[in-house]
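Accompanying notes for the structure given below.
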Number of protein chains: 2
Amino acid sequence: MQEHIEESCQEQCFHPEVVESVRRDMLGSVPADELAQLFKVLGDNTRIRILDALYRSELCVCDLTALLGMNQSAVSHQLRVLRDARIVKSRKQGKNVLYSLDDEHISGLVRMGSEHVSELKR
Amino acid sequence: MQEHIEESCQEQCFHPEVVESVRRDMLGSVPADELAQLFKVLGDNTRIRILDALYRSELCVCDLTALLGMNQSAVSHQLRVLRDARIVKSRKQGKNVLYSLDDEHISGLVRMGSEHVSELKR
DNA sequence: TGCTTATATGAACTGTTGGTCATATGATAC
DNA sequence: GTATCATATGACCAACAGTTCATATAAGCA
């Protein structure tokens with residue numbers, strides 16, 4: 001994190017050297033997009049509750065439906081979003097489909113996010 | 001992460017003991033909501049690019065406007081969202097307003113998210 | 001074979017969100 | 001004071017996202 005050079009804006013106001021140096025270092029637009037996409041998938045109450053549940057145990061769709069108290073279709077739709085984002089994985093077992101978290105980065109993100117949230121309350 | 005007990009669904013299909021135990025451990029609905037809200041704010045391409053830039057240097061609004069190549073109003077609107085979520089902070093300096101990240105949890109989240117994203121590509 | 005159960009999916013509806021335009025505020029400079 | 005510049009904000013609109021309803025698929029059971 002470099003220090004900001006104190007000077008008034010020329011012309012169009014901005015600080016050309018700082019802007020140039022930041023521009024060089026910034027993420028490309030593709031990675032930024034993918035990152036935003038990941039957070040967007042995490043940015044829904046239903047999906048967070050699903051992940052919170054799956055963090056504790058592998059569960060089938062109707063378990064999740066019962067836990068969340070919402071209808072099965074809504075849960076399935078959200079599971080699809082999570083599957084497409086490769087945040088959860090599923091395996092078939094008889095009539096049921098069992099879901100679980102796809103990797104441990106996700107629990108890390110959720111844990112870190114929780115810390116930030118509780119930090120803000122102090 | 002406890003193991004799932006293999007048994008077929010009774011009645012309404014679900015596994016009552018597992019569901020009960022998960023239910024006990026799950027986040028309350030308020031924390032889940034706050035967490036989802038945090039990720040929702042991070043889940044936008046423009047805001048991620050703003051954070052990526054601010055991670056590298058404190059910047060004024062017109063710097064960001066130039067960096068992102070979008071109009072000033074759009075940038076200000078998104079800065080407001082980030083400010084309301086206490087993800088960035090601002091200080092006045094003459095005519096300018098300088099923005100920076102509000103705490104290091106945020107850069108941690110972004111870093112961790114990036115790792116996850118690049119992990120998926122392998 | 002048909003019947004039931006678990007899950008998935010498509011269509012439609014509704015609420016939300018990101019951007020644009022126009023305008024307001026607030027500070028500096030003249 | 002007035003003019004100008006940097007930023008903020010309100011109204012509006014188009015695109016999108018989450019839920020529901022109805023229906024499809026697919027497995028197990030009689």
Side-chain angles (χ1 to χ4, degrees), chain A residues 4 6-15 19 32-33 36-50 54 58-85 88-100, chain B residues 4 6-15 19 32-33 36-37 39-50 58-85 88-100:
Chain A
H4 188 266
E6 313 282 306
E7 56 163 351
S8 63
C9 295
Q10 304 127 302
E11 292 179 50
Q12 290 268 39
C13 140
F14 63 97
H15 311 76
V19 168
D33 233 41
Q37 187 51 40
L38 168 64
F39 285 127
K40 185 171 295 186
V41 172
L42 298 178
D44 173 79
N45 183 42
T46 301
R47 290 191 292 265
I48 283 291
R49 286 159 68 219
I50 290 176
L54 294 181
E58 184 184 44
L59 293 166
C60 72
V61 178
C62 53
D63 288 339
L64 287 166
T65 300
L67 271 171
L68 304 191
M70 32 195 312
N71 83 42
Q72 176 267 319
S73 177
V75 174
S76 271
H77 277 297
Q78 297 308 337
L79 284 170
R80 181 151 144 67
V81 174
L82 291 168
R83 236 186 311 119
D84 287 351
V88 305
K89 60 181 183 234
S90 62
R91 65 187 178 97
K92 238 181 170 157
Q93 168 147 100
K95 277 190 291 188
N96 293 334
V97 178
L98 299 178
Y99 280 86
S100 54
Chain B
H4 189 267
E6 313 282 304
E7 58 162 348
S8 66
C9 293
Q10 304 128 302
E11 290 180 49
Q12 290 269 37
C13 140
F14 63 98
H15 311 76
V19 167
D33 233 43
Q37 186 51 40
F39 286 127
K40 186 172 292 185
V41 172
L42 297 178
D44 173 80
N45 182 43
T46 301
R47 290 191 291 265
I48 283 291
R49 285 158 70 218
I50 291 176
E58 184 183 46
L59 294 166
C60 73
V61 177
C62 54
D63 288 339
L64 288 167
T65 301
L67 271 171
L68 304 190
M70 34 195 309
N71 83 42
Q72 176 266 319
S73 177
V75 174
S76 271
H77 278 299
Q78 298 307 336
L79 284 170
R80 181 149 142 69
V81 174
L82 291 168
R83 237 186 310 120
D84 287 351
V88 304
K89 58 182 185 235
S90 62
R91 63 185 179 98
K92 234 174 174 167
Q93 169 146 99
K95 277 190 291 189
N96 292 334
V97 178
L98 300 178
Y99 280 86
S100 53

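Chain letters run A, B, ... following the sequence lines, proteins first, then strands; residues in each count from 1. Keep in mind that this is a model prediction, so the values were computed, not measured. No hydrogens, no waters, no symmetry mates; every other heavy atom, side chains included, goes into these values.
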Looking at B/Ser76, does any N or O in its side chain come under 4.0 Å of the phosphate oxygens OP1/OP2 on D/dT9?
-> no
D/dA6 phosphate, OP1 or OP2: any side-chain N/O from B/Asn96 under 4.0 angstrom?
-> no
Does B/Ser90 or A/Asp44 map to a spot on DNA chain D nearer the 5' end, using the closest nucleotide for each?
-> B/Ser90
Any donor-acceptor pair under 3.5 Å joining the side chain of B/Gln72 to the base of D/dA8?
-> yes
Determine whether any donor atom in the side chain of B/His77 lies under 3.5 Å from an acceptor atom in the base of C/dT20, or the reverse, and answer yes or no.
-> yes
Taking the side chain of A/Lys95 as its heavy atoms from C-beta onward, which of D/dT7, D/dT9, D/dG28 lies nearest to it?
-> D/dG28
State which of C/dT28, C/dA6, C/dC21 makes the closest approach to the side chain of B/Ser73.
-> C/dC21
Rounded to whole Å, please give me the gap between [atom1] in [X] and [atom2] in [N].
X	N	atom1	atom2	result
B/Leu79	C/dT17	CG	P	18 Å
B/Leu68	C/dT20	CG	P	12 Å
B/Arg91	C/dA27	CZ	C1'	16 Å

Nearest 0.5 Å please: distance from the SG atom of B/Cys62 over to the CG atom of B/Leu67.
-> 10.0 Å
Between the side chains of B/Tyr99 and B/Arg83, does any donor sit under 3.5 Å from an acceptor?
-> yes
